[in-house]
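Some notes on the structure that comes next.
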Amino acid sequence: MEAVNSAVAQTNLLELRNRSSVSKHLLRGSTSLSCAKFTSNFPNYGLQKIVKKHNHAGSIKCSTEAYLHDLNFPKIASSTAEEKVGVLLLNLGGPETLNDVQPFLYNLFADPDIIRLPRLFRFLQRPLAKLISVVRAPKSKEGYAAIGGGSPLRRITDEQAEALKLALKDKNLNANVYVGMRYWKPFTEEALHQINKDRITKLVVLPLYPQFSISTSGSSIRVLQSIIREDDYFSRLPISIIESWYQREGYIKSMSELTEIELQKFTKPEEISEVMIFFSAHGVPLSYVKDAGDPYRDQMEDCITLIMAELKSRGINNTHTLAYQSRVGPVQWLKPYTDEVIVELGQKGVKSLLAIPISFVSEHIETLEEIDMEYKHLALESGIENWGRVPALGCTSSFISDLADAVVEALPSASILDAKSSSAPTETEIDPLQYAISFLFGSFFALFLLLSPRVLSAFRNSLF
Ligand SMILES: C=CC1=C(C)c2cc3[nH]c(cc4nc(cc5[nH]c(cc1n2)c(C)c5CCC(=O)O)C(CCC(=O)O)=C4C)c(C)c3C=C
Ligand SMILES: [Fe+2]
């Protein structure tokens, strides 16, 4: 009964959250975000086009370059007496108990950046989210049960927040560090509420995803934007958003360090050079990259080039490959798929694999269950004899220190976001005829989806 009540309370809370975000995702416009200079160009965000320059010496310059190698940035920052600096860490969030799994999945699938419906069918978002979350919940629950009954993401993110606060203090910056999750507690909205309550005077926003995707950092930042648009305090608060940071030297070196340590664990030293380094990134549907301009795949490939260059500089010349894991649903995702590549490598006679989860900086279901259990099992079945896995960075001190540098470097460019000058149509500007037609077609589509046994079974097959 308690579980039912908490689910109802959760749904009510989300009703409120979703109402605000649904009504605002129509408010598109050219919002100029500070320092991080948004590199995306998505219809949902109306942000600047990605500017990415390759330099063949191995470093990649993106629009985030300003705080990457710029030696002019002060390494030590100090805040003035009146200044109250806040850092907002954005992450996905995860169910803490098995009872949380279905409402967590509902929140995830109700996000228009996760299921991107054509405009005409957007009002179906929530019924579809309900349907998919209910159908997928049993499978997800099995996964969470296998890793101890819930996601460790909140605990680890809290630890990272604490470690970051200390690292900032070491760099002479006193800051409050907040955690805002997109799909579970503590929600981004709660963190923003606390930031407001604490009367923070400058805010640095740091998504805990090294690479940008519409579906991750983009989605969290969209929540932030919608609040900035509405709220007097946030619309006047200088904010700096660090959009992606996979190219930071500290991150690349920390990843390489952990990889080197794990490589040494392969038992026979003479066989170490035979180990294939297997980067496994969380996938996104192909259409995100092809149609919506998600820079995720490009950034992922750049990131791997940088890590491999760093490993090479340490005398590690192993072969490597990249594949994408965790696909959900019936559409095509970024390829190649991790499970298929593992089988192929086994067939080709590869005997040793070192898996590196590359989209995340903390352990969670996708590393602890999917990689450590499912993929390991598949690899051993496919003829691979030696399996290793690089741990997620977590609170590795070189990594946290580099995040602290990123915050310090981003701070001077915090500025008031011009979110209110949006020229995009608002909901009230929608043509009533267009709305009526959408509603009619959408209703037929909804009925078809909900009642068609074939559609339901297709869903089931791709979600189980
Ligand atoms: C870079 C990281 C991630 C991307 C990109 C991403 C896209 C994405 N994810 C789903 C669906 C699911 N993701 C789930 C869990 C999950 N996803 C990420 C990260 C990315 N997702 C993390 C860190 C986690 C684990 C959270 C935790 O509980 O510890 C889940 C739930 C688990 C499951 O049932 O498999 C789903 C579902 C989509 C559809 C998507 C892109 C559109
Ligand atoms: Fe995911």
Side-chain angles (χ1 to χ4, degrees), residues 35-36 64 67-68 70 73-94 96 151-181 185-186 188 190-210 217 220 237-258 261 360-364 367 390-414:
C35 177
T64 42
Y67 48 85
L68 176 58
D70 189 342
F73 268 115
K75 288 284 171 238
I76 292 179
S78 58
S79 47
T80 62
E82 320 81 61
E83 208 164 77
K84 272 190 96 180
V85 174
V87 179
L88 173 59
L89 300 180
L90 299 174
N91 212 339
L92 188 114
E96 287 167 78
S151 171
L153 206 55
R154 179 177 192 168
R155 175 183 53 78
I156 298 170
T157 312
D158 283 345
E159 288 166 6
Q160 288 171 324
E162 195 49 43
L164 180 62
K165 187 178 167 70
L166 294 177
L168 286 168
K169 208 167 178 196
D170 278 352
K171 293 174 200 290
N172 284 348
L173 180 66
N174 277 317
N176 287 2
V177 183
Y178 304 86
V179 171
M181 301 292 197
K185 299 164 205 169
T188 310
E190 295 170 41
L192 291 171
H193 181 72
Q194 192 58 47
I195 287 167
N196 187 341
K197 231 170 130 189
D198 293 346
R199 289 283 130 182
I200 290 298
T201 59
K202 249 187 194 182
L203 183 66
V204 175
V205 177
L206 176 59
L208 282 177
Y209 309 97
S217 310
S220 283
L237 178 67
I239 302 179
S240 181
I241 301 179
I242 302 175
E243 169 244 343
S244 70
W245 41 269
Y246 68 90
Q247 67 284 61
R248 289 189 64 85
E249 221 176 303
Y251 166 72
I252 297 295
K253 287 201 159 135
S254 304
M255 285 298 290
S256 305
E257 185 68 31
L258 293 191
I261 294 170
F360 326 112
V361 293
S362 46
E363 302 294 350
H364 45 72
T367 58
V390 172
L393 285 164
C395 288
T396 303
S397 58
S398 56
F399 162 61
I400 296 291
S401 169
D402 187 54
L403 285 186
D405 286 340
V407 169
V408 169
E409 292 160 17
L411 206 49
S413 44

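Along the sequence shown, the residues carry numbers beginning at 1.
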Side chain proximity check, [X] to [Y], heavy atoms < 4.5 angstrom:
| X | Y | result |
| --- | --- | --- |
| E363 | P391 | yes |
| I200 | Y178 | yes |
| L237 | K202 | no |
| D402 | K253 | no |
| R248 | P210 | no |

Between the side chain of [X] and the main-chain N/O of [Y], is any donor-acceptor distance below 3.5 Å?
| X | Y | result |
| --- | --- | --- |
| S362 | I156 | no |
| S151 | E96 | no |
| T201 | K84 | yes |
| K171 | A404 | no |
| T367 | H364 | yes |

Between [X] and [Y], which heavy-atom pair has the shortest distance, and what is it?
| X | Y | answer |
| --- | --- | --- |
| S254 | S398 | OG-OG, 2.8 Å |
| S217 | Y209 | OG-CD1, 3.4 Å |
| V87 | L203 | N-CD1, 4.1 Å |
| S240 | A410 | OG-O, 3.1 Å |
| P186 | V179 | CG-O, 3.6 Å |

List the steps and the verdict of side chain to side chain contact (heavy atoms under 4.5 Å, CB included) for L88 and L192.
-> CA-CA 8 Å; L88 173 59; L192 291 171; 3.8 Å; yes

Distance, nearest 0.5 Å, that separates [atom1] of [X] from [atom2] of [Y]:
| X | Y | atom1 | atom2 | answer |
| --- | --- | --- | --- | --- |
| D158 | N91 | CG | CG | 10.5 Å |
| L90 | L206 | CG | CG | 8.0 Å |
| K165 | I400 | NZ | CD1 | 14.5 Å |
| L164 | E159 | CG | CD | 13.5 Å |
| L403 | Q160 | CG | CD | 7.5 Å |
| I195 | E190 | CD1 | CD | 12.0 Å |

Would you call the rings of W245 and Y251 parallel, tilted or perpendicular, where under 30° means parallel and over 60° means perpendicular?
-> perpendicular

